Each structure stands twice: as C-alpha cells, then as structure tokens.
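Chain letters run A, B, ... following the sequence lines, proteins first, then strands; residues in each count from 1. The structure displayed is predicted, hence computed values, not measured ones.
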2 protein chains.
Amino acid sequence: MARVTLQTIADRLGVSRATVSYAFSRPDQLSDDLRRRILQVADELGYAGPNAAARSLRLGRAGAVGLLFSETLAYAFADPYALGFFQGLATAAEEAGVGLLILPLPRGEKRPPPVRDAVVDAFCVVSLPDGHPALAEVLARRLPTVVVDEPYVPGHPFLGIDEPAAGAQAARHLVELGHRRVGVAMVGLHDDGRTGWADPGRQRGAVFEAMRGRRSGYEAACVSAGVDWASVPFYELSRNSRAAGREAGHALLGRTPRPTAILTNTDVLALGILDAAADLGLDVPLDLSVVGFSDSAAEEAGLTTIRQAKQEIGAAAGRLLLEPPDEPERLLFPHELIVRASTAPPRP
Amino acid sequence: MARVTLQTIADRLGVSRATVSYAFSRPDQLSDDLRRRILQVADELGYAGPNAAARSLRLGRAGAVGLLFSETLAYAFADPYALGFFQGLATAAEEAGVGLLILPLPRGEKRPPPVRDAVVDAFCVVSLPDGHPALAEVLARRLPTVVVDEPYVPGHPFLGIDEPAAGAQAARHLVELGHRRVGVAMVGLHDDGRTGWADPGRQRGAVFEAMRGRRSGYEAACVSAGVDWASVPFYELSRNSRAAGREAGHALLGRTPRPTAILTNTDVLALGILDAAADLGLDVPLDLSVVGFSDSAAEEAGLTTIRQAKQEIGAAAGRLLLEPPDEPERLLFPHELIVRASTAPPRP
DNA sequence: ATTAAGGTCTTAATGGATTAAGAAGGAGGG
DNA sequence: CCCTCCTTCTTAATCCATTAAGACCTTAAT
C-alpha cells in the first residue's frame, strides 16, 4: 500500500490537492460539506496529516530550537546547574509553543554530530570547549545562534556571568577571612579525561573558556592577597560528582601543610570535599573552609557559594532564540556571594 | 540577496545540482578537484549546507524522536522520577545519534500541541491523562509510538510497572506491620488542580491510569486486611512538591483518630509528610510510618519506598522507539519494596 | 436585466534536496 | 583499431505540501 498524501485523497474525491490542503490548514476556504467529506476520506485512508517535513520545507520554519550541550545527556540531567538552565529555557520554549530539540554530541566522535539534519529555527549552544567541531557545524547552518557560558563567539548573543569577577569574589572571600593556604579543586577545564594535579601551565591551557576565566579570578584574588599561586595545590577532576570531590578533597587535605580553605567550581564537588573533611575528622568551618559554585545544591549543606541566575539565563536564552536581536549582545548576568556555614576564618 | 541553495552553487560553477549534492553527501562520486571547487564556492556564497527540512522530506527520516510529557517542562526537570526516565531515554537516543525533540503541551490549551509539525521518526508519550487531545494527535501521525506509564493504548508498546501490585505491596507492608489507621496522600490523580479530601468516587474517577491503578492496589491491600476503605482519609494534591506533602501531612495528622501510617505516591510528597510530622513533634517511625514511591529522593531521608527502574524504562523506551517491534508488547518492569527507617509497627 | 460581490474550487509556481540510470570521455587490453 | 571498463558528471523523477491568483457560479442589489 503506497503512502497516503494529500494527492491520494484529492484523487479519491476528484478534487485538487490544494483543496485538500485547505481542508486541513484553512477551513474557511472551503464549504463545510466538502471539508467534512475530505476529512472523512482522509480518515478512511489512514492519512497521517500533512507531512511535517514537507510543511517545514514549504513554510520555512521548524517550530523548534536546537540545544547542544557539552556533556552527555545522562550527565546533564543529573547536574543541578544544567537543570536550572534547562528549566528556564524549556519554560520559554513552552510559552512560545516551540519544541526543544536536544542534540546528542557523539563522544566517540566516529560520526559527526547530527547538527546538519536538525530541523530547527535556531540553536542554543551551551558550554562547549574551544574548537569543538559541533560549534563549527552550528555556525555553518547560519541560523540564529546564542551561546551560553562558553565559548564566546563574536557576532552572536552570549549569555553567562562575569567569570573572572565571580571567581575572584569567591577567592577574595577566603583571603579576606584570613586564609593563605588555599587549595583548589576544579572540574571541566579540559575534556581529555585527566584527573590529578594541574600545574599553572595546564590550568591556563584549559579549553573551557568559562572555567578558564573563573580560575583566573581565583588566581588574581589570591595573588593580590600575597599568595604565591605556583604553590597553591590545584586538583583537576574530569567528572563532576560528589565522589570526585571527595577524591580531590583527600588529595588536597593530604598535603603538608594542609590547606585551610578549598575553592571548588561546583557545589557538587564542594559536597565531596565536605565528605573528605568528614572522613578525616576535620571540622568545617573551623579546620577547613569550603566554597562551592552555582548555588545549585548548596543550601541544605550550608555551603558558601556563588549564586548564578541559572533559570533566568535559560529563560533569556529562550527569548533571544525566539526573537533574535539585531545587535548581538554579550549579556553578563549578576552573580552573588552567598555566605553560609562552610566558611570562617582559619584557626589562629 | 536570495537564499543560497544547491542550485545557486551549481549555476555559479556551471555544473548540475546533483553534482553539488554529491559534493556534500557522497564525496566518492566526484573528482577531488571539482569537489574542492564546489565546497569553496559554497563557502564563498555562504551556503548553509543542505536544507534540513528538504533532506528530511526526501530521505523520509528525521533523525529525532518526539517526547510528550504531561507536566510543564519546568516541573519535569525538577522531578526526580521524570529525570531518571529522561536520563535513560536520552542515553539511548545519544547512543543512536538521534535527537530528542521535547514538545510543549500548552497548558492554556488555546492552541493545539505542536505535534503535527514535529519532524520526528517516532513518539514517546509519557504519563498523559485519559483522553488528552495530544495523544490523539500523536496517534494520528501513525508513527511508531510507545507509551510510558499511562495511558495504555492497545496496539502500541507500553512500558511501566504493575501499578496495582506495586501499590498493594506498599500498603501490605503497612498492614503487615500492624497498622490499621492508614491515611493516603496522592498527587496526579486528576488534572483539574483540585486539592483536598477525595471521596472514593473521586478517587476511582482519576484520569491518570497509573495512579488509578496504584490507588486500587492501596485499597485492595487495606481491604483484605480488614480496613474499611471508606473511612481511610484520602488527601489529594495537585502539585508534587515537598510543600504540598507537608500540607497533606497536616491535614491527615490533624484527624481524630490520628493515622499511624501514611501512604504517598511520590517520595517528594513523603518528604513533606515527614516535615509535617516534625512540625507536630511526632516521631517517625514510632508515632507515624510513611511510605514513599519511586525511590527517587528517598535514600538520604531513610524513606521506605517502592523502587522502580526509571532509567531502565527510559532506556527500553528509547530502544523500542529506534527499532519498533513487530508485536507491540506491554512491558511491566520490576518494582521492589525498599524498607528503610520510616516505617515500623504502630505503638501498641 | 446588469453588474458587483462573494463563495468555492483549481491552476501552477514554489520550497530544496536525493539518487537511479544514462551519457560522455579516457584508459587499457587484445 | 575496436571493445570494454572506469570515472565523472547530467538528466529527470521524486519526496509532500502551501498559497497567490484566477476561474466559475450564485446571489443580491440597482
């Protein structure tokens, strides 16, 4: 049985294809009687409705926006920061009645990302490392594109926070409390899967722009407080999980002299650091101060952190996608230091 | 400046459109030299690559699957059960290299859901109430469709758990501990936004099939233990949140005689019940036993719950979407009672 | 009776690409 | 020199629908 199209129905009834099309999309162009007959025949033949791809082609719009995210989706759906962003974006899409097409980024990179075939009206790119091929594919599509967090692409709207400033604020909080032996645990600097100590060279060579900026903020604040950055133990993680944070915590807290404060670039990691501190019988904040980032999982644990407006960024991204601005802007959203119980001056 | 298409490039170079198409999609059909020239001209003209909608139309595939979920996306991205399912589904999609098109369900129902225009190869419908118009739209598309949790649609694969059995197991756990004064707090029975006491008539008239089944399991187990169901206080919620659970908890625990055990159909709700118990200075489990559902947010709180294989269901749904079976199956996944510290025999 | 105005349907152009089959030309073998 | 086989491209059919403009027929008003 051949596929049923508008033409099939038209032939059946001896009317033109256009008439059948009107029956589906512009009821006012037809007599009620004929329209009813058309719909009935369509039903009898098992017509699946006007083909979506053909419609999209003809109308020039897709009714969907594409979303590219650096991590696997399984990870993204477990990450509080990503979820906050998704919520904002999804709500904007929902209000506009457009779909959200989540595109997979093949990790094994055997095949190219399915960006070329994505039937969308715009793209939202979130947190891609420098030089990621998927970004080039997206830009080649020449659709409205907004980038969130990283990397900044001149000529396209950008949404994020002032990473160096936010990083500096987190670090300044610690040095102003009097800490001088600071350790750092960061995830998402590189995408080569390495875990362990990172020297300043590797730190600065991070391929994730936002994290690079955040780290440089840490460094700037520490240096201006007289801390020798080269001596700051810096542990790099490849996975953002509580377990990874714990691993970093043990590494950092095992050093002599032991750091009195640890900066982390996610709340989840910070929770892991707290676990490690607990393992070692250290009191937080008396023996150790810990700062998280994002305020995505920090509240219950009483974690000092930098709050970023995840949902607002998502919502704003959605709006920019749906109504691309004439002048691409670089929008930096506010961030805020939230001081809770995980930080205090070091023991004298 | 008119839009650049394959034809534009072909004209520029004096070759045929087909040749240009081959340059993009079948490099082996062309001499390297010509291919290079084509790609260069394409670049110069700012060609955006083969149009995705046209490609999808011609090839007859979309490279994406559609997802319909009953709740707003902002809610879905905050619900642990939904997230677990999404993770499984997204991972399957990722492995197959297909996109996941999340479709909004307009709550205001002014406009129809954008199901007709979704350029997808298959649909996954999750947790829709009986008679929801979006389901009819989906079925009209005559694409491979799988339904998760509810409603069961004969002729299409179905994934979920044996709800009556799972509900009965939760309730049986309580009555076997000796509880006879049981209360129930459930969310997601109806979609009319009502909150408050629900009599058995309203309970049985629930429009969400899975919850209807789960509740009937509660009833069956209670009744066979000699509990008069009509006297079981039943509090219905319209939102699945900790705050809603707390509200239900206060309502249920304010009754005389006070229930010694409360059944809830989500972990989040159960956490709210625990909050209410704490408000009233009640000891859990000595004064009150609480059972959650899903094992999605239960572990840290030590909540007794029914575990369902969320991620596996999602992964299985993904597989069925990508390779539709000949015989549609009704797959019931295992569930398991996880007994933790929130349940105990009632005080003598 | 004439004509304007509607209502209802058809014609035909259009959106952009894919691919089987065929044509043209060159190279190599006998 | 002829035939065959490649390689490289072209031809033309096909995927399915939308919509402006035009044709035809009624109806109502003048």
**Q.** A:Arg55 vs D:dT18: side-chain N/O to OP1/OP2 distance below 4.0 Å
**A.** yes
Q: Let me know the distance between CZ of B:Arg58 and C1' of D:dC16, rounded to the nearest Å.
A: 11 Å
Q) Nearest to the side chain of A:Leu30, which nucleotide is it out of D:dT19, C:dC9, D:dA17? A) C:dC9
Q.
Considering every strand and a 4.0 Å limit on heavy-atom distances, what is the contact class for B:Thr19: base, sugar-phosphate, or nothing?
A. base
Q | Side chain of B:Ser16 (C-beta onward), nearest among D:dC16, D:dT10, D:dC9 | A | D:dT10
Q: Can you tell me the distance, in whole Å, between the CZ atom of B:Arg61 and the C1' atom of D:dC16?
A: 17 Å
Q) Over how many whole Å does the gap from B:Ile38 atom CD1 to D:dT8 atom P extend? A) 13 Å
**Q.** Options D:dT19, C:dA17, D:dA12, nucleotide nearest the side-chain atoms of A:Arg26
**A.** D:dT19
Q. Choosing from D:dC16, C:dC9, D:dA13, which nucleotide comes nearest the side chain of B:Arg17?
A. D:dA13
Q: Starting at CG of A:Leu101, measure out to CD1 of B:Ile102 and round the result to the nearest 0.5 Å.
A: 9.0 Å
(Q) For D:dT18 and A:Ser21 - does any side-chain N or O of the residue sit under 4.0 Å from the phosphate oxygens OP1/OP2? (A) yes
Q. NA contact type, B:Val15, heavy-atom cut-off 4.0 Å: base, sugar-phosphate, or nothing?
A. sugar-phosphate
Q: Could you tell me whether the phosphate oxygens of D:dC9, OP1 or OP2, come under 4.0 Å of any side-chain nitrogen or oxygen in B:Ser31?
A: yes
Q: Look at the side-chain N and O atoms of A:Tyr47 and state whether any lies under 4.0 Å from the OP1 or OP2 oxygen of D:dA17.
A: yes
Q: Starting at atom CG of A:Asp117, determine the distance to atom C1' of C:dG16, rounded to an integer number of angstrom.
A: 13 Å
Q) Taking atom P of D:dT10 as reference, at what distance in whole Å does atom CG of B:Leu6 sit? A) 13 Å
Q.
Taking the six-membered ring for Trp, are B:Phe69 and B:Tyr75 closer than 6.0 Å centroid to centroid?
A. no
**Q.** Of B:Leu34 and A:Tyr22, the one whose closest DNA chain D nucleotide lies more 5'
**A.** B:Leu34
Q. Could you give the distance from CD (B:Glu137) to NE2 (B:His132), rounded to the nearest 0.5 Å?
A. 10.0 Å
Q: If the plane angle is over 60° it's perpendicular, under 30° parallel, otherwise tilted; pick one for B:Phe158 and B:Tyr152.
A: perpendicular
**Q.** Pairwise distance CG(B:Leu89) to CD(B:Glu94) - rounded to 0.5 angstrom
**A.** 11.0 Å
Q: Starting at atom CG of A:Asp11, determine the distance to atom C1' of C:dC9, rounded to an integer number of angstrom.
A: 16 Å
(Q) By the 4.0 Å heavy-atom rule, please label A:Phe24 as base, sugar-phosphate, or nothing. (A) nothing
Q: Measure from the side chain of B:Ala54, starting at C-beta and using heavy atoms only, and say which of D:dA20, C:dG16, C:dT19 lies closest.
A: C:dG16
Q: Rounded to the nearest angstrom, tell me the gap between atom CD1 in B:Ile9 and atom C1' in C:dA17.
A: 12 Å
Q) Roughly, in whole Å, what's the span from CZ in A:Arg3 to C1' in D:dC16? A) 9 Å
Q) Regarding B:Asp43 and B:Tyr47, is there a side-chain donor-to-acceptor distance under 3.5 Å anywhere? A) no
**Q.** Earlier contact from the 5' end, DNA chain D, for B:Leu57 and B:Gln29
**A.** B:Gln29
